There are 6 protein chains.
Amino acid sequence: MLPIIIILFIFFLSTTSNAAVQDFCVADLTVPAGPSGYSCKSPENITVDDFIFSGFRQPANTSNTIKTSVTPAFSSQFPGINGLGLSVARLETQQGGVVPLHSHPGSSEIVVVTEGSLIAGFISSANNVYYKNIEKGDTIVFPEGLLHFIVNAGNDTAKAFFIFSSSEPRTQLTSLSLFGNDLPANIVGKFSFLDVEDVIKYKKLLGGSSSE
Amino acid sequence: MLPIIIILFIFFLSTTSNAAVQDFCVADLTVPAGPSGYSCKSPENITVDDFIFSGFRQPANTSNTIKTSVTPAFSSQFPGINGLGLSVARLETQQGGVVPLHSHPGSSEIVVVTEGSLIAGFISSANNVYYKNIEKGDTIVFPEGLLHFIVNAGNDTAKAFFIFSSSEPRTQLTSLSLFGNDLPANIVGKFSFLDVEDVIKYKKLLGGSSSE
Amino acid sequence: MLPIIIILFIFFLSTTSNAAVQDFCVADLTVPAGPSGYSCKSPENITVDDFIFSGFRQPANTSNTIKTSVTPAFSSQFPGINGLGLSVARLETQQGGVVPLHSHPGSSEIVVVTEGSLIAGFISSANNVYYKNIEKGDTIVFPEGLLHFIVNAGNDTAKAFFIFSSSEPRTQLTSLSLFGNDLPANIVGKFSFLDVEDVIKYKKLLGGSSSE
Amino acid sequence: MLPIIIILFIFFLSTTSNAAVQDFCVADLTVPAGPSGYSCKSPENITVDDFIFSGFRQPANTSNTIKTSVTPAFSSQFPGINGLGLSVARLETQQGGVVPLHSHPGSSEIVVVTEGSLIAGFISSANNVYYKNIEKGDTIVFPEGLLHFIVNAGNDTAKAFFIFSSSEPRTQLTSLSLFGNDLPANIVGKFSFLDVEDVIKYKKLLGGSSSE
Amino acid sequence: MLPIIIILFIFFLSTTSNAAVQDFCVADLTVPAGPSGYSCKSPENITVDDFIFSGFRQPANTSNTIKTSVTPAFSSQFPGINGLGLSVARLETQQGGVVPLHSHPGSSEIVVVTEGSLIAGFISSANNVYYKNIEKGDTIVFPEGLLHFIVNAGNDTAKAFFIFSSSEPRTQLTSLSLFGNDLPANIVGKFSFLDVEDVIKYKKLLGGSSSE
Amino acid sequence: MLPIIIILFIFFLSTTSNAAVQDFCVADLTVPAGPSGYSCKSPENITVDDFIFSGFRQPANTSNTIKTSVTPAFSSQFPGINGLGLSVARLETQQGGVVPLHSHPGSSEIVVVTEGSLIAGFISSANNVYYKNIEKGDTIVFPEGLLHFIVNAGNDTAKAFFIFSSSEPRTQLTSLSLFGNDLPANIVGKFSFLDVEDVIKYKKLLGGSSSE
């Protein structure tokens, strides 16, 4: 009865021969990328482990200033998702922890709370704020590219998953962008309406060089 | 000091006037949809609750034949994600539970295990199977449109989140497609290589009409 | 009178200089691909034959178990279509021939019957079957990623063209995915609702390894 | 044994309830369209015939000046392909027939010759011409938006299918654009390098108004 | 000689009949929009003026706090660009003027300086600042979604065009998002690392409600 | 106070480590391109000058047959725009100058007049002409892929910017496509309805080889 299988393989042989079938494009970080993602790893080197990420097994260390840790599973860490327009990260945040205001250029985000409660919200380009205290079992969506924040105002540690519509989401932290780089303080004051002395104060706090 | 804010609003007024700013397109299910998603709800009717879904607060009932329940947060349930190319669902499965073989046309999926362990895998178009026993803290990706399955072979209830690269993922269950509809049994036998008597047997099991 | 042409070439020279003008991206299968397709062949090596495929000149051999042959003109065979989101294949099927149930992840398909008649249909994710006996001069569309099948129930050989919205469509054959690989029979039984003995029977028929 | 099927339907019920499942978006031409295509017909009105087009059953009438007829199966004629990025048309052309020089903005095209032979080619933006005499069984691709032409220089009627990467391809015929509308002849002469008297001559031939 | 033109029109008649040919989708702001843009105006109501915007004829009034005015030509003002993924705006800024730090979610931007000189720059997600003093005849690009700013540090009025890869770009002004809305000051302090008294100070300046 | 900044960098370290963060994909013209654009330059070699183009500082030489010059800022000249779907060019045209009839396959265009006045228009696929005399401060849009033209019918030099929805727009000049290449004159006559003697005349004028 083997003929059937043999024939069936012939049936669609030309699409599976020496060329990649393009069912997936596992990231190869060693060759140049393009605008749509990393180049594809050669099919013969792909194993099931390219499609699995185990980085959420261990709890993260949240003993830091913001009492918060975010563990990403992006295409750099999880090569099987390259080109699929999807990724995930895990949030762990102690009581009083915070995810500072930031945006993800080119990506939307859904938050799924799995433990504790969180004040979570986003700001629209019309400057309306959509925020609420959400708890375990709730999800909130932050539409593409808009500023958003999370504060653990509850009495316990909180955990959540962040889901992104990009395989390699980028993060732009507002206060770091304002104060944590080498932009002259007077330019920052100019484009932010902040007093230059305040800019210098926060540059010191956030690691920016503070030359006026 | 009000002048600044007044001027700033004038600065970008024309984009926020009577027309939608298109920061988001909350689904309005009452008017016709288009190929890229549901039509947008009128901005003045949008509230923070359009961006929040609370359907994961309560556990699901898994007392069914497959000992498994999937709770979706798609754009039909969660209108704020319409057009964002992203959604999520929750899996709960008892010991011995199963998510039958299926595909999601037009969508990739990441599974994040939050409790228990699961045998999870997908089948490529070259007919290679990529599967593994994954546990709490692991994720696996099923590339766009490929058949995949999950079996709870562990000793406990398992839970996971399913993340999709579509706001309204569709699900095509293989055995239901084969046996659970009104296709004549001889046609099914013909295109599946199954004996017609087997087709009829499984049509009875899975609710399909069994006329030859 | 040459000045005009000389000036005209200067007019848009910078877009045609040493860099590819990107009118087309003929597939180069010898360097790594990316998520959006194969890399582009160097322009100076491109000839008219990169844009022509002659593989439909000869009839195919349909003396096989399914009495059917499909000849693809995908970007692996027809490098000029790389990146254009379009390809074609030819079907030839004897009386009683069949195209087994399958899907094309990420691609829609139009069938154009050029000879004979065919029972052709697809199954929606709501498990409705849309099928009909179509004849020479008819076309049917199978929307993206959905399971579909073709049976030659007529009295003659039938021929058709398959048109795809992808330059390198992939094919996932349902019965091969179920039975034609090395998945343990008890897992297949579990996720398909089939009795394990039936799974083992069809694994033997379709070339899968049959260890439980 | 009915429980299984009942449970299975519950399993994915929420995606199939009152909202469209978006497996397809059959064109509804009676309500406003959007940038991505026509609005979707209400699911309860959809039948298998929305996915079938039978307009290629009858031969076309080629007794016209160009001895050629093109029969389209675009989303206007074939509503089931709306939003799928794919369509087809049939060419019939007598000996000496011609498909005048034209482009399809936003769409690539593959030609599959099914009878006779054709001189077919396209012109790149670097002004290179890629053309060849192709015959039954050959295909040629015209990359997106580039000018192309077909001449039946053989001894017989020729037939072909045109395959497009758009559900509603548009056609811009070069000579009609130059001469077949109400543009003043002196403007046409100016932007085409043609003598105004020639413009007027061809305006008369091709139906354009010929005021200078 | 009319036959040619008559035949030619028949040749592609079916695509131009009662259905929109989809050469363009001029925005109709009176019916619901979808995720890909506004609905299309009925073809018989479209005139050349839908494709023309004359709002840059008159100089803008820059007598405001930021000594700057931006005049948009987005699809709300310029309906012919709906769905084309492209728009433009004009900048006029007096000596000492500023375009405050902001981002455009989902859109890249090119600035073309037409008069004067400007300090212009953007901040990457790795917190590197790319900025320079650019002058008349220079362009700078701000990649999709990243924070950017412009300061007129020259001795004269400066003018520029802003070019966007979106028909309806949105603008999120950083300091307004931080201080110009009704978010409680202690939450803003928390997610921005700013002292609450500073937050309250700037809320007063920028029009936000200042309840802690 | 340094801890904050240190922790913040750890917070999103994994996305900025050795892999490109994909904020931008500056074109590297020395390695193969793909269908979505040029490959990305290695991040450590990127400077602010990759995002700046200064080619509009000097006036162009318009002493040519068409009294017109177009200076492009496409990704070949302006590598920072690679993959962003946006580019710009500058038009300078003397009194009586002309931009010959042409299309941009795969790109829409907005024209912004900055000096003088221009007759500008496009031709739809239904063969309607949308054109008008526009002046300084006006913009006009040419929807994707449609033929368009510009004539300087005013009394002065005119200037404009051309804005494209592609990083590497291609240009297909109609009269050059018809007459400026090595297509045999009788084929051109056939597909254009022009008399062969006219074709030969214009081939001589526009640099095409004139063998019949």
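All values below were derived from every heavy atom in this structure, side-chain atoms included, with hydrogens, water molecules and symmetry-related copies excluded. Computed from a prediction, not measured in an experiment: that's the story for all the values here. Labels below follow one simple rule: chain letters A, B, ... track the order of the sequence lines, proteins then strands, and each chain is numbered from 1.
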What pair of heavy atoms forms the shortest contact from Phe51(D) to Pro143(C), and how long is it? CE2-CG, 4.2 Å

With a 4.5 angstrom heavy-atom cut-off, is it the side chain or the backbone of Ser87(D) that approaches chain C, or both, or neither? backbone

Given that the side chain runs from C-beta out, which part of Phe122(D) has a heavy atom under 4.5 Å from chain C: side chain, backbone, both or neither? side chain

Student check: side-chain heavy atoms of Ser108(D) and Phe24(C) closer than 4.5 Å: no

Measure the OG1-CZ distance between Thr114(D) and Arg90(C) for me, rounded to the nearest 0.5 Å. 12.5 Å

Contact origin within Phe78(D) toward chain C - heavy atom pairs under 4.5 Å: side chain

Glu109(D) versus chain C, heavy atoms under 4.5 Å apart: side chain, backbone, both or neither? backbone

Taking every heavy-atom pair that is under 4.5 Å apart, which of Ile46(D), Val48(D), Val88(D), Val111(D) has the most such pairs with chain C? Val48(D)

With a 4.5 Å limit on heavy-atom distance, are the side chains of Ser125(D) and Asp23(C) in contact? yes

Heavy-atom cut-off 4.5 Å, strictly under: side chain, backbone, both or neither for Ile134(C) against chain D? side chain

Which one, Glu135(D), Glu144(D), Lys136(D), leads in non-hydrogen pairs under 4.5 Å with chain C? Glu135(D)

Minimal heavy-atom distance between Gly85(D) and Ser165(C), with the atoms involved, is O-CB, 4.1 Å

Part of Leu146(C) lying under 4.5 Å from any heavy atom of chain D: side chain

Rounded at 0.5 Å granularity, tell me how far OH in Tyr130(C) sits from CG in Asp49(D). 11.5 Å

Chain C contact via Val141(D) - side chain, backbone, both or neither, heavy atoms under 4.5 Å: both

Against chain C, label Ile163(D) side chain, backbone, both or neither, depending on which of its atoms sit under 4.5 Å from a heavy atom there. both

Could you tell me if the side chain of Leu86(C) sits less than 4.5 Å from the side chain of Leu86(D), heavy atoms only? yes

Tell me which of these, Thr139(D), Ile140(D), Ile52(D), has more heavy-atom pairs under 4.5 Å with chain C than the rest. Thr139(D)

Of the backbone (N, CA, C, O) and the side chain (C-beta and beyond), which part of Ser124(D) lies under 4.5 Å from a heavy atom of chain C, both, or neither? both

At what distance, to the nearest 0.5 angstrom, does OG of Ser167(C) lie from CD1 of Ile110(D)? 7.5 Å

